Protein chains: 2
Amino acid sequence: MDVKTLCLGLLSLNEACGYELKRNFESRFKHFFAAGYGSIYPALANLAAAGLVNCREVPQDGRPARKVYEITEAGRAHFQNALGKTPPIHKLRSDFLVAMYFADQIDENKLQLLLDKQISEFHGATVHIERFAQPQSTSISAGAQFVAGFGKTVAQAAASYIEKNRHILECRPAAKLTENHDQIYESTTNEERL
Amino acid sequence: MDVKTLCLGLLSLNEACGYELKRNFESRFKHFFAAGYGSIYPALANLAAAGLVNCREVPQDGRPARKVYEITEAGRAHFQNALGKTPPIHKLRSDFLVAMYFADQIDENKLQLLLDKQISEFHGATVHIERFAQPQSTSISAGAQFVAGFGKTVAQAAASYIEKNRHILECRPAAKLTENHDQIYESTTNEERL
DNA sequence: TTGATCATGTAATGTGTTACATGATTCA
DNA sequence: TGAATCATGTAACACATTACATGATCAA
């Protein structure tokens with residue numbers, strides 16, 4: 001699934017201009033699909049060229065004209081087809097977990113900062129999701145509700161896990177950092193001890 | 001954090017050849033950092049050219065010689081520096097959640113298949129992590145333990161969430177699919193109803 | 001007067017994915 | 001006989017990130 005397809009999906013719900021789509025990515029998809037102008041605008045041009053959306057310009061004063069994109073029937077069919085075909089990849093890439101894996105090579109203060117920061121980011125994500133998916137606000141779709149709940153649940157589980165288990169990393173056995181090479185070498189020659 | 005840096009990190013724990021690194025990515029990092037040969041081999045060549053690792057060839061019969069890479073002191077310093085600097089980005093990209101967001105445009109049987117598949121993938125991930133991070137096996141590092149626990153916790157939370165909330169998506173209000181265009185258009189002209 | 005919001009986009013760069021290419025050995 | 005494992009890599013392609021470029025309005 002690429003940005004192009006997701007733009008088409010958003011346009012299947014409502015016509016919009018690039019700027020609005022960007023805001024939707026930031027509010028509704030922030031926790032599981034990122035996209036910037038650099039991929040959204042080319043995607044829209046591409047969709048228009050393929051006849052999957054129509055574009056109509058709405059002049060404004062003081063600003064560039066809005067280019068409002070509306071999905072075509074071909075676009076709608078294309079999107080539903082793409083939804084059915086795509087293998088549902090769910091992929092995490094986490095520099096945070098990489099850093100934690102190598103926690104014993106990180107300075108102790110730095111490590112605590114990283115942990116604190118990550119916890120507050122998960123809390124922030126929870127708050128963000130709550131703000132954009134309040135059930136009482138303008139009748140939210142079932143899909144949006146499900147996805148928001150998923151994001152909240154996972155973020156809370158993650159934050160809670162870190163809070164409860166950070167001690168594993170923090171009480172370390174006489175940490176050896178860059179200064180003392182000999183001991184590091186000796187302690188890592190062991191096979192299969194990754 | 002790129003594949004190059006992570007390779008360097010693995011080599012900071014043990015010397016290894018590209019093939020072994022790939023296996024490590026698949027076993028230990030599978031749930032939060034993917035990499036294939038197409039990025040690992042070039043990364044190793046790059047690291048060697050930069051003097052961050054040394055390479056020694058070990059001939060074998062019947063197979064190409066193993067190229068065993070060993071980290072240098074410069075490499076070790078470089079890695080610890082990278083660990084300290086990198087902002088700890090934790091990023092999810094999920095086609096599965098995209099599909100769920102648009103669940104009402106998916107055929108009902110297909111939807112259930114997707115949900116079932118995703119649940120079993122989370123279960124599979126849990127099993128996978130357990131296999132590679134048994135505390136009783138060869139003294140696992142604190143970092144590895146923490147990361148494995150994180151992966152397990154999150155995967156279980158995710159699977160459990162889907163099981164408990166799939167009904168939100170499945171009991172749908174008289175689903176309209178591609179066949180009936182008029183009604184779809186009428187029901188989505190509403191502003192802000194993403 | 002500073003920064004945020006609205007609104008468009010391009011260009012260079014970086015990075016990863018996928019498919020291809022080779023080939024012996026071992027296990028079922 | 002066929003598939004998996006070990007072991008190396010390259011090349012084409014797709015894709016996204018980042019920085020750049022422009023510029024008016026409005027609220028603090």
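Excluded from the calculations below are hydrogen atoms, water molecules and symmetry mates; all remaining heavy atoms, backbone and side chain alike, are included. All values derive from a computational prediction rather than experimental measurement.
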(request) Measure the distance from OH on A/Y37 to P on C/dA7 and round it to the nearest whole Å. (result) 10 Å
(request) Side chain of B/R23 only, please: which of C/dG9, D/dT10, D/dC6 is the nearest? (result) D/dC6
(message) Once you apply a heavy-atom cut-off of 4.0 Å, does B/A45 come out as touching a base, just sugar-phosphate, or nothing?
(response) nothing
(request) Please report, rounded to the nearest Å, how far the P atom of C/dG16 is from the NZ atom of B/K91. (result) 11 Å
(message) Go nucleotide by nucleotide along DNA chain D from the 5' end; which of B/V68 and B/R93 gets its closest nucleotide reached first?
(response) B/V68
(message) So if I take every side-chain heavy atom of B/Y41 and compare against D/dT10, C/dA7, D/dA16, which nucleotide ends up nearest?
(response) D/dT10
(request) Let me know the distance between CD1 of A/I89 and P of D/dC15, rounded to the nearest Å. (result) 12 Å
(request) Taking the six-membered ring for Trp and the full ring for Phe, Tyr or His, determine whether the centres of A/F32 and A/F150 are under 6.0 Å apart. (result) no
(request) Check A/I40 against A/G18 and note the closest heavy-atom contact, atom names and distance. (result) CG2-O, 4.1 Å
(message) Rounded to whole Å, please give me the gap between CG in A/D61 and P in C/dT5.
(response) 21 Å
(request) Please state how far atom NZ in A/K4 lies from atom C1' in D/dC15, giving the value in whole angstrom units. (result) 11 Å
(request) Would you mind reading off the distance between B/F25 atom CZ and C/dT15 atom C1', rounded to a whole angstrom? (result) 14 Å
(request) Would you mind reading off the distance between B/R63 atom CZ and D/dT5 atom P, rounded to a whole angstrom? (result) 12 Å
(request) Figure out the CE/P separation between A/M1 and D/dC15, and round it to whole Å. (result) 12 Å
(request) Please check the phosphate of C/dC6 (OP1 and OP2 only) for any side-chain N or O of A/K22 closer than 4.0 Å. (result) no
(request) Looking only at side-chain atoms of A/D2, point me to the closest of D/dA7, D/dA16, C/dG16. (result) D/dA16
(request) Taking only the side-chain heavy atoms of A/R66 (C-beta and beyond), determine which of D/dT10, C/dA7, C/dG9 contains the nearest atom. (result) C/dA7
(message) Side-chain N or O of A/Q60 versus OP1/OP2 of C/dC6: is the shortest distance under 4.0 Å?
(response) no
(request) Between A/L44 and B/G38, name the one whose nearest nucleotide on DNA chain C is closer to the 5' end. (result) A/L44
(request) Would you mind telling me which residue lines up with the more 5' stretch of DNA chain D, A/P64 or A/G36, judged by nearest nucleotide? (result) A/G36
(message) Over 60° means perpendicular and under 30° means parallel, so tell me whether B/F102 and A/F79 are parallel, tilted or perpendicular.
(response) perpendicular
(message) Let's see if you can work this out: which of D/dA7, C/dG9, C/dA7 has an atom nearest to the side-chain heavy atoms of A/C17?
(response) C/dA7
(request) Could you tell me which non-hydrogen atom of B/M1 sits nearest to which non-hydrogen atom of B/F33, and how far apart they are? (result) O-CZ, 3.8 Å
(request) Establish, for the pair B/K30 and B/F25, whether the NZ or CZ atom is under 6.0 angstrom from the six-membered ring centre and no further than 45 degrees off its axis. (result) no
